[in-house]
Amino acid sequence: MVNLTYGALLTSSDGSISFEPLGTDILATLQGNTSAFDPGDIAWVLTSAALIVFMLPGLGYLYSGLARRKNALSMLFLSLVSLGIVSFQWFFIGYSLVFSESGGSFFGDGRNVGFRQVLERPVPETNGKLPEIVFATYQLMFACLVPAVLLGAAAERSRILPAMIFIFCWTTLVYDMLAHWIWSSNGWAYKWARCDITDAGGVPVEIASGTGGLAYSYFIGKRRGYGTERVAFKPSNVGHVVLGTVFLWVGWLGFNGGSCFAASLKAAMAVFVTNLAGSVGGIVWLIMDFRLERKWSMVGFCTGAIAGLVAITPAAGFVGAPAGALIGLVSAAVSNLSTRLKVTMRVDDPMDIFAVHALAGVVGVLMTGLFAQSSVAANDGFSEIDGGWMDHNWVQFAKQIVWALVGLGWTFVVTYAIMFVINLIPGCHFRSTEEAEIVGMDEVELGEFVADYAFHHRDLEGLFDSNELSRFNSVTRFHLTSMGPKSYTRPSQAHLPPTMPRGGAAVADAYGQGAQEVEKPRSRSRGRERSRSRSQFRASTPSGMDRLEEVHSSDELELKKLSGNGGGGVGQEQGSVGSSDLSQK
């Protein structure tokens, strides 16, 4: 039975402690020792934990907006299912591996398996400010978030079952180990002069997720059509990108502010510099993209803001406002330039997770070693650190480098090993089939779509025959075969380019070569013919709107080339878009 009461512990001038029953603190007695917890601190940390939950659907919306619409729901699914899987893992074994009171230097023991004895004990990592159940709940949200960030690397080509197994294993063997080393008072890195100064964590969260995403991308390989215009598409839903960024931004304030474990001036400073770094990062990325394209990019601002938020994470609560602005500036610039590295590294990183999370995290960890100040950390009334170069603690920067390298190396090697083992399990191969990539992960893995138009307007680039269609469910077979008698046959049979438009007049004209009349595709919703041709639609929409239909740009280019060469498969007078429409382009 827990011995709890409300009151206050008062210290007299002679050092004696007396009990005041009219106080509002929560007093807990454990093994003869009484601890006082401030309800305001508990409320702030629990609120911060709730804010972090918003980051999970935020990631899902961000990734779904950046992906093609036929894969959008799978990104939302992986982000939310991470919350469920890791919540169970944290309850079952995760918390005990990271924060058990009697753990070793490299990993915890089984003391708290199944959340045994996790309740009123004052946690030393919070200077006794929080009961263990509040601390464990807050740390749970960190654990749920990290694999969700990583799995942006799974976009458009990874199966879901092995990804879910991967979430459990990766959290146990990668995240829990790194978190124990730096956040547990028993961890070797915690004892080694607190390399990653802040409890919000540049290495266990940002560097681990970005590096894990890089390993994931290497293992599953490149998307079908990588290196061609097939994957050179614009985001399918910029509104989702903005919505996801807003959720992430709001959650990040609780992510960094709650890491101070008290409603204090330090927490206020952490929240301020977090917002400042994100704002500066967004503006810097915006300007760098405008320099190249002469257009303002909403997606660019969102990406730069995330880079700034990532980099300030290890520094929030330990640096002042000027340093926070500088961290946001440098991280956004480095990440922007580093997006080209995936070409040099020969990896298909569709969400730029390595550049925006791992490298921005490295920038944040290193700049924390430069600009951390003991005076800023002391704003909570109890923290004492040596600071960084601003406090003439020259060795701290070298320690930050070592800790960042440890995080990079451990995460990449163990992530790749986990995937190698899971991939050997029958039925758990990570890479989807080529047909699944063509139809989309939403249809093959989930059987649901982010919206009804995502089903009817998909990039079904493959040309299927009836035998191939039999592997899909009846709804997919109906959709692929109902567009016309020759809509989806093999390229060798139809002499058409391997990437076909998904529907509308383009497909009807393309597969109608040699036919005098071809029945136009009909609306799937009401069975009536489309009321406008695509050229009419383009004229009635804002400039560039059709470019959001990512398939049109690549397919029309291919069909135009065929028309210009005398076309094997597309008639000169019956082009996929129409001769007049192509001439307009």
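- The backbone N or O of Val356 sits nowhere less than 3.5 Å from a side-chain atom of Asp352 that would complete a donor-acceptor pair.
- In plain terms, the two heavy atoms of Met419 and Phe430 that are nearest each other are O-CE1, 3.4 Å.
- You'll find the side chain of Met345 reaches within 4.5 Å of the side chain of Leu341, heavy atoms only.
- Within the model, atoms CG of Leu80 and CG of Leu59 stand 10.0 Å from one another, a figure rounded to the nearest 0.5 Å.
- Across all non-hydrogen atoms, the minimal contact from Gly300 to Asp289 is CA-OD2, 3.9 Å.
- Minimum interatomic distance between Gly407 and Val203 (heavy atoms only, all atoms of both residues): CA-CG1, 3.6 Å.
- Atom-to-atom distance recorded for Ser82:OG and Leu150:CG is 9.5 Å, nearest 0.5 angstrom.
- Rounded to the nearest 0.5 Å, atoms NZ (Lys342) and OH (Tyr226) are 6.5 Å apart.
- Here Phe255 and Phe142 bring their ring centres to under 6.0 angstrom of each other.
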Check residues 239-246 and write down every donor-acceptor pair under 3.5 Å in which the side-chain atom is one partner and the other belongs to a residue at least two apart or another chain.
| residue | atom | partner | partner atom | Å |
| --- | --- | --- | --- | --- |
| His240 | ND1 | Ser64 | OG | 3.3 |
| Thr245 | OG1 | Val241 | O | 2.8 |

For ring pair (Phe, Tyr, Trp, His ring centres under 6.0 Å), just list the numbers for Phe219 and Tyr416, CA-CA rounded to whole Å, side-chain angles, deciding distance to a tenth of an Å, and then say yes or no.
CA-CA 7 Å; Phe219 189 89; Tyr416 204 92; 5.2 Å; yes
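- The side-chain heavy atoms of Ile165 and Cys428, taken from C-beta on, include a pair separated by under 4.5 Å.
- Between Phe290 and Trp296, the ring-plane angle classifies as parallel under the 30° and 60° cut-offs.
- For the atom pair Ile52 CD1 and Phe247 CZ, the distance stands at 15.5 Å (nearest 0.5 Å).
- Of all heavy-atom pairs spanning Val53 and Pro57, the tightest one is O-CD, 3.0 Å.
- Smallest separation of non-hydrogen atoms from Thr339 and Asn336: OG1-O, 2.8 Å.
- Once rounded to the nearest 0.5 Å, the distance linking OG of Ser79 with CG of Leu56 reads 7.0 Å.
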Does the pair Cys302 and Met298 meet the rule for a side chain to side chain contact (heavy atoms under 4.5 Å, CB included), with working shown?
CA-CA 6 Å; Cys302 293; Met298 185 73 252; 3.8 Å; yes
List the steps, then state whether side chain to side chain contact (heavy atoms under 4.5 Å, CB included) holds for Arg340 with Thr344.
CA-CA 7 Å; Arg340 301 173 181 174; Thr344 304; 5.9 Å; no
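- A donor atom on one side chain and an acceptor atom on the other are found under 3.5 Å apart for Trp252 and Thr313.
- Side-chain atoms of Val310 and Ser331, non-hydrogen and from C-beta on, never get closer than 4.5 Å to each other.
- Here the side chains of Asp176 and Trp90 are in contact, with some heavy-atom distance below 4.5 Å.
- Taking the charged nitrogens against the carboxylate oxygens, Glu437 and Arg431 do have a contact shorter than 4.0 Å, which makes a salt bridge.
- The CG atom of Asp442 sits 10.0 Å away from atom CE of Met75, with the distance rounded to the nearest 0.5 Å.
- By the 4.5 Å heavy-atom criterion applied to side chains, Leu337 and Met288 are counted as neighbours.
- Counting heavy atoms from C-beta outward, Val250 and Met55 have side chains that stay 4.5 Å or more apart.
- Val439 is not listed as a side-chain neighbour of Lys70, based on a closest heavy-atom distance of 4.5 Å or more.
- More than 12 heavy atoms of other shown residues, nucleotides or ligands fall within 6.0 angstrom of atom CZ in Phe354.
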For the pair Ile207 and Leu408, evaluate side chain to side chain contact (heavy atoms under 4.5 Å, CB included) and give the outcome as yes or no after the intermediate values.
CA-CA 7 Å; Ile207 292 179; Leu408 288 165; 3.6 Å; yes
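- Looking at heavy atoms from C-beta onward, Leu178 lies in side-chain contact with Val174 at the 4.5 angstrom threshold.
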Please list every donor-acceptor pair under 3.5 Å in which a side-chain atom of residues 155-164 meets a protein atom from a residue at least two apart or in another chain.
| residue | atom | partner | partner atom | Å |
| --- | --- | --- | --- | --- |
| Glu156 | OE1 | Arg68 | NE | 3.4 |
| Glu156 | OE1 | Arg68 | NH2 | 2.9 |
| Glu156 | OE1 | Arg223 | NH1 | 3.0 |
| Glu156 | OE2 | Arg68 | N | 2.9 |
| Glu156 | OE2 | Arg68 | NE | 3.3 |
| Glu156 | OE2 | Asn71 | ND2 | 3.3 |
| Arg157 | NE | Gly221 | O | 2.6 |
| Arg157 | NH1 | Ala153 | O | 3.2 |
| Arg157 | NH1 | Ala155 | O | 3.0 |
| Arg157 | NH2 | Gly221 | O | 3.3 |
| Arg157 | NH2 | Asp348 | O | 2.9 |
| Ser158 | OG | Tyr216 | OH | 2.8 |
| Arg159 | NH1 | Gly427 | O | 3.0 |
| Arg159 | NH1 | His429 | O | 2.9 |
| Arg159 | NH2 | Gly427 | O | 3.4 |

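- Under the 3.5 Å distance criterion, the side-chain polar atoms of Thr171 are left unmatched by any main-chain donor or acceptor of Val86.
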Walk me through whether Val362 and Val365 qualify under side chain to side chain contact (heavy atoms under 4.5 Å, CB included).
CA-CA 5 Å; Val362 170; Val365 168; 5.8 Å; no
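- Residue Ala360 comes nearest to Ser335 through the heavy atom pair CB-OG, 3.5 Å, listed as atom of the first residue, atom of the second, then distance.
- Tested against Ser209 for a side chain to side chain contact (heavy atoms under 4.5 Å, CB included), the candidates Val149, Leu214, Thr411 yield a single pass: Val149.
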